[in-house]
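For reference, the structure is listed below as structure tokens.
None of these values were measured; they are calculated from a predicted model. The residues of the chain are indexed from 1 along the displayed sequence.
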Amino acid sequence: THWQGKQQITIATSTALASMWLIPKISDFNLHYPDIELRIFAVDNPFNSQGSEYDLAIYYLRHPPQHGKSIPLHAEEIVPVCSPQYMDKYGPIGDINDLKEHTWLTLDESLTHWISWDDWFDKLGLPRLKPKRRININSYSMVIQAPLSGQAIALGWKNLIDSYLHAGSLVPAVNRTLHTNYKFYIIEQDDELVRRKNIQPIFDWLIDQIDHSEREFSVATDFETLA
């Protein structure tokens with residue numbers, strides 16, 4: 001597909017990754033690749049839709065996808081986060097057990113591909129806790145808005161919150177990070193039209209951006225990490 005003489009590449013990704021990670025980085029892409037027009041196709045269940053909707057996809061998955069050619073990126077890491085204002089008002093949070101005295105943001109139980117608070121405790125080998133208050137939301141991009149505005153603590157996914165940690169608008173609430181077996185995958189559509197396009201620059205740029213996110217998260221959460 002071409003638009004105004006430029007090659008157009010469609011990237012499919014989840015609504016959370018699109019809004020919180022990919023879109024803020026588009027200006028950097030445009031600076032380096034002015035002759036490629038990006039189209040972002042935000043859909044949370046990409047493999048239930050027609051394959052022709054995208055050239056490349058980026059998704060958070062437990063297992064490699066069965067569609068197309070995929071490249072696994074860094075394994076995901078998850079840490080509870082809040083704003084500095086929340087910590088000033090309700091902290092300090094001395095240890096994990098103190099979390100039960102706070103308000104938590106949780107994702108709707110129907111979103112089974114996301115790690116829940118119970119999963120987080122279980123995988124770290126810790127007793128499950130119950131929060132003082134709980135706010136349940138069905139979208140991760142909305143979940144992270146409450147911590148940003150100083151209202152609650154939420155589980156933060158490395159590749160989605162790296163820029164907030166780097167800017168200091170979010171901080172780790174406790175000094176424990178869960179290293180999961182989920183990974184972000186870049187998936188190339190198995191399609192002759194896609195193979196005719198020059199998508200290698202997109203691959204290279206995406207991998208570079210993921211590596212940058214990894215470095216920012218590692219600096220912001222320089223403490224114990226467990227699988």
Side-chain angles (χ1 to χ4, degrees), residues 11-25 42-47 56-67 70-82 96 99 104-126 137-145 147-148 153-167 169-187 203 205-227:
I11 299 178
T13 191
S14 68
T15 53
L17 260 175
S19 63
M20 298 176 63
W21 187 82
L22 183 56
I23 290 174
K25 301 177 188 298
V43 57
D44 290 325
N45 295 297
F47 308 122
L56 295 173
I58 315 173
Y59 281 93
Y60 168 64
L61 303 167
R62 184 190 293 269
H63 304 293
Q66 300 301 309
H67 305 74
S70 63
I71 296 177
L73 305 176
H74 300 285
E76 189 55 300
E77 297 172 33
I78 303 170
V79 62
V81 293
C82 62
I96 296 288
L99 286 171
W104 299 356
L105 268 293
T106 61
L107 276 167
D108 191 274
E109 292 180 357
S110 64
L111 301 176
T112 56
H113 57 291
W114 293 86
I115 298 291
S116 68
W117 278 96
D118 283 348
D119 293 332
W120 190 81
F121 287 115
D122 291 347
K123 291 177 183 297
L124 286 173
L126 299 169
I137 302 178
N138 70 346
S139 165
Y140 186 78
S141 54
M142 290 191 291
V143 161
I144 213 66
Q145 291 305 311
L148 285 169
I153 298 172
L155 291 176
W157 270 252
K158 170 184 63 181
N159 288 304
L160 297 179
I161 64 167
D162 63 286
S163 61
Y164 299 116
L165 290 169
H166 182 70
S169 51
L170 289 177
V171 296
V174 293
N175 63 343
R176 296 292 287 273
T177 298
L178 173 66
H179 184 97
T180 78
N181 59 355
Y182 283 75
K183 294 182 179 179
F184 280 94
Y185 287 85
I186 300 179
I187 305 131
F203 258 110
W205 179 79
L206 288 171
I207 291 171
D208 182 67
Q209 294 301 312
I210 290 286
D211 287 344
H212 181 72
S213 296
E214 174 82 7
R215 291 191 296 271
E216 287 195 341
F217 184 87
S218 296
V219 169
T221 58
D222 187 17
F223 43 70
E224 183 177 11
T225 301
L226 297 178

Check: [X] side chain, [Y] main-chain N or O, donor-acceptor pair, under 3.5 Å:
X	Y	value
W104	L99	yes
W117	L107	no
T177	V79	no

Looking only at non-hydrogen atoms, find the nearest pair between [X] and [Y] and report the distance.
X	Y	result
T106	V143	O-CG2, 4.2 Å
P24	S19	CD-O, 3.7 Å
A154	L105	CB-CB, 3.8 Å
I186	F203	CG2-CE2, 3.3 Å

Are any of the side-chain heavy atoms of [X] and [Y] separated by less than 4.5 Å?
X	Y	value
V81	Y164	no
S116	L155	no
V43	Y59	yes
Q145	I137	no
C82	L170	no

Exercise for review: Would you please test I115 and K123 for side chain to side chain contact (heavy atoms under 4.5 Å, CB included) and show each step?
Suggested key: CA-CA 10 Å; I115 298 291; K123 291 177 183 297; 3.8 Å; yes

Run the side chain to side chain contact (heavy atoms under 4.5 Å, CB included) test on L17 and W157 for me, step by step, so that the C-alpha distance in whole Å, both residues' side-chain angles and the decisive distance to 0.1 Å come before the verdict.
CA-CA 10 Å; L17 260 175; W157 270 252; over 6 Å; no

Here the gap from L56 atom CG to L206 atom CG, rounded to the nearest 0.5 Å, amounts to 7.0 Å

When rounded to the nearest 0.5 Å, the distance separating CD1 of I96 from CG of L124 is 7.0 Å

Taking it one step at a time, do I144 and L160 satisfy side chain to side chain contact (heavy atoms under 4.5 Å, CB included)?
-> CA-CA 9 Å; I144 213 66; L160 297 179; over 6 Å; no

